[in-house]
Amino acid sequence: MNRTLIITLAATLLAATPCAAQDDLQRILESVERNNLTLKAEAHTTAGRTLEARTGNSLDPLSVSYSSAGDRPDALGKKGELEVSQSFDLPMLYATRSRIARTLAQQYEAEYLALRQQVLLEAKEVYLELCALQGIVELNRPRLTAAEHMATLFAARFETGDATSIDKHRTEFEYLLLKEELSAIDMRMIELSQRLAVLNGGELPESGYAMPSPEARMPLELLLADWEEYAPDLTALRLQEESARYDVRLSRQQALPKVELGYKYEYGPGECFNGFKAGLSIPILSNRHNVKRARALEEAAKANTESALAQKRGAVRELYLKTEYTGKLLESFGGMPDAPAYTDLLGRMLEAGQINIVDYYSELATFYSALETRIRTDLEYRLGLARLHVIYL
């Protein structure tokens, strides 16, 4: 794969992201790639499978045999023979096997890259959700302060007879419910932090969880073309198909004779003989179903590639349309008032008697629900972009 082009495209996509936030995300992704235990294990497995593919293209073991004879024990060793022989295929078979081994090595590398991208995507998704939850916590800080203030205020008013017990209990319940809501978010952040630690090899990377700007959305046709060309799982299937084609060629070549060359030395009382030996091993019946088997596997590999490509196109197109819709929905949240100022305004109106306690909490709940919905919609938009752009990781 053209990794230089992928890196260039990724840099273009991320060009609009603030440096501090983007550097934080990039540092975490680099740390996960370096420390993830699954990727380490897969790297060793890939190396082992690559070496295994090469071992099938070696010469057969050298055959050495020695025998001695004699008509009585003290005559043993007076007569005998030594034979050394080596069998090998024709050169074209070794060339084909070598090409298959290289193709398999590229396939294993593509499979590793596919796993790497999924691991980094998961880390990116976890990071983005942590940033969004951190934003919700920060958003609700003035609301929590206001809720605590109202609970204290109406408790004091109840003591002086200026508020009913219903008003007092309402402010207390609202304060407790908001604390519980924020506690649930804290629990989710702990869960996500532990997941990020696992992805990072067991150690949580340091981060301020500053939400980066969303990546620029690419045109659908360009994105589809890049997916078809650079997606490592599709690349692995194409390489598997290529390997199957070479396997068909190899199965035909295996019908050719195998050559055996050797040296033979015979000795006896007063005489000895030596010379070369040569032979052919002709696979008349052993290879009769091999070509049919290879052709069937080649057709299966082609069908798998076509099926995966069609599914990938549909999945990318569906995800793109959903992300595009989420982006438009996110734009509709523009122009909302500042949360601390709006909360303070409602508090002053309540204390001045311009609105009652029911209207206060109803308006506050609606306002903060809209703000949280905006944050969660923004998160869904960013997650959609991250999944669309996973091939550039």
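It should be emphasised that the depicted structure is a prediction, and the values quoted were computed from it without experimental measurement.
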Passing candidate, side chain to side chain donor-acceptor pair (under 3.5 Å) with T96, options Q254, R252, Q253
Q253
Find out whether the Lys NZ or Arg CZ of R249 is both under 6.0 angstrom from the six-membered ring centre of Y246 and within 45° of the ring's axis.
no
Check whether any side-chain heavy atom of L192 lies under 4.5 Å from a side-chain heavy atom of Y127, and answer yes or no.
no
Check whether D378 reaches the backbone of R374 with its side chain - one donor and one acceptor, N or O, closer than 3.5 Å.
no
Between R195 and E122 (salt bridge meaning N to carboxylate O under 4.0 Å), is one present in this structure?
yes
Salt bridge check, R170 against E174: does any charged N sit closer than 4.0 Å to a carboxylate O?
yes
Whether D167 and R157 form a salt bridge (side-chain N of Lys/Arg under 4.0 Å from carboxylate O of Asp/Glu) is what I want to check.
no
Is the backbone of T373 close enough, under 3.5 Å, to the side chain of T377 for a donor and an acceptor to pair up by distance?
yes
As an exercise, state the distance from CD of E318 to OG1 of T323, rounded to the nearest 0.5 Å.
10.0 Å
Does T343 use its side chain to pair, donor to acceptor, with the backbone of A339 at less than 3.5 Å?
yes
Output, in order, the C-alpha distance, side-chain angles, deciding distance and verdict of salt bridge (Lys or Arg N to Asp or Glu O under 4.0 Å) for E191 and R188.
CA-CA 5 Å; E191 177 184 342; R188 176 60 178 166; 2.9 Å; yes
Validation row: H389, K124 side chains within 4.5 angstrom (heavy atoms):
no
For E241, is there an ion pair with R245 - N to carboxylate O distance below 4.0 angstrom?
yes
Donor-acceptor side-chain pairing of E363 and Y342 below 3.5 angstrom
yes
Flag, side chain of D344 to backbone of P340, donor-acceptor distance under 3.5 Å
no
Looking at R382 and E215, is there a salt bridge between them, counting it only when a charged N and a carboxylate O are closer than 4.0 Å?
no
Can you check side-chain contact (heavy atoms from CB on, under 4.5 Å) on L39 and L115, steps first, answer last?
CA-CA 8 Å; L39 290 181; L115 176 63; 4.0 Å; yes
Flag side-chain contact, heavy atom, 4.5 Å: L176 against E180:
no
For R141 and T145, test the side chains for any donor-to-acceptor distance below 3.5 angstrom and give the result as yes or no.
no
Does NZ or CZ of R317 lie under 6.0 Å from the centre of the six-membered ring of Y320, at an angle within 45° of the ring axis?
no
Does Q240 form a side-chain contact (heavy atoms from CB on, under 4.5 Å) with K302? I'd like the steps, not just the answer.
CA-CA 9 Å; Q240 187 176 12; K302 289 180 181 179; over 6 Å; no
Under 3.5 Å, is there a donor-acceptor pair between the side chain of T235 and the main chain of A231?
yes
Thinking salt bridges, do K168 and E172 make one under a 4.0 Å N-O criterion?
yes
Rounded distance [0.5 Å steps], CD in E181 versus CD1 in I136
8.5 Å
Would you please say whether a donor-acceptor pair under 3.5 Å links the side chains of R54 and T50?
no
E380 side chain reached by L329 side chain, heavy atoms, under 4.5 Å:
no
Could you tell me whether the side chain of N200 and the main chain of G202 form a donor-acceptor pair under 3.5 Å?
no
Could E42 and R116 be called an ion pair, given the rule that one side-chain N must be under 4.0 Å from one carboxylate O?
no
Is there side-chain contact between S31 and R34, with heavy atoms separated by less than 4.5 Å?
yes
Considering only heavy atoms from C-beta outward, does the side chain of T46 approach that of R49 to under 4.5 Å?
no
Is the backbone N or O of N304 less than 3.5 Å from a side-chain atom of S307, with the two atoms forming a donor-acceptor pair by type?
no
Tell me if a side-chain donor or acceptor on N140 pairs with a main-chain N or O of R143 at a distance below 3.5 Å.
no
Taking T45 for its side chain and A41 for its backbone only, find out whether a donor-acceptor pair lies under 3.5 Å.
yes
Using 4.0 Å as the upper bound for N to carboxylate O, is an ion pair formed by E30 and R27?
no
Test log, rule side-chain hydrogen bond (donor to acceptor under 3.5 Å, both in side chains), inputs D24 and Y209:
CA-CA 8 Å; D24 191 40; Y209 301 121; over 6 Å; no
Heavy atoms, side chains only, cut-off 4.5 Å: are E228 and K312 in contact?
no
L346 and L350: side-chain contact (heavy atoms from CB on, under 4.5 Å), yes or no, with the steps?
CA-CA 6 Å; L346 289 176; L350 176 63; over 6 Å; no
Is there a side-chain contact between N274 and E266 in this structure, where contact means two heavy atoms from C-beta onward sitting under 4.5 Å apart?
no
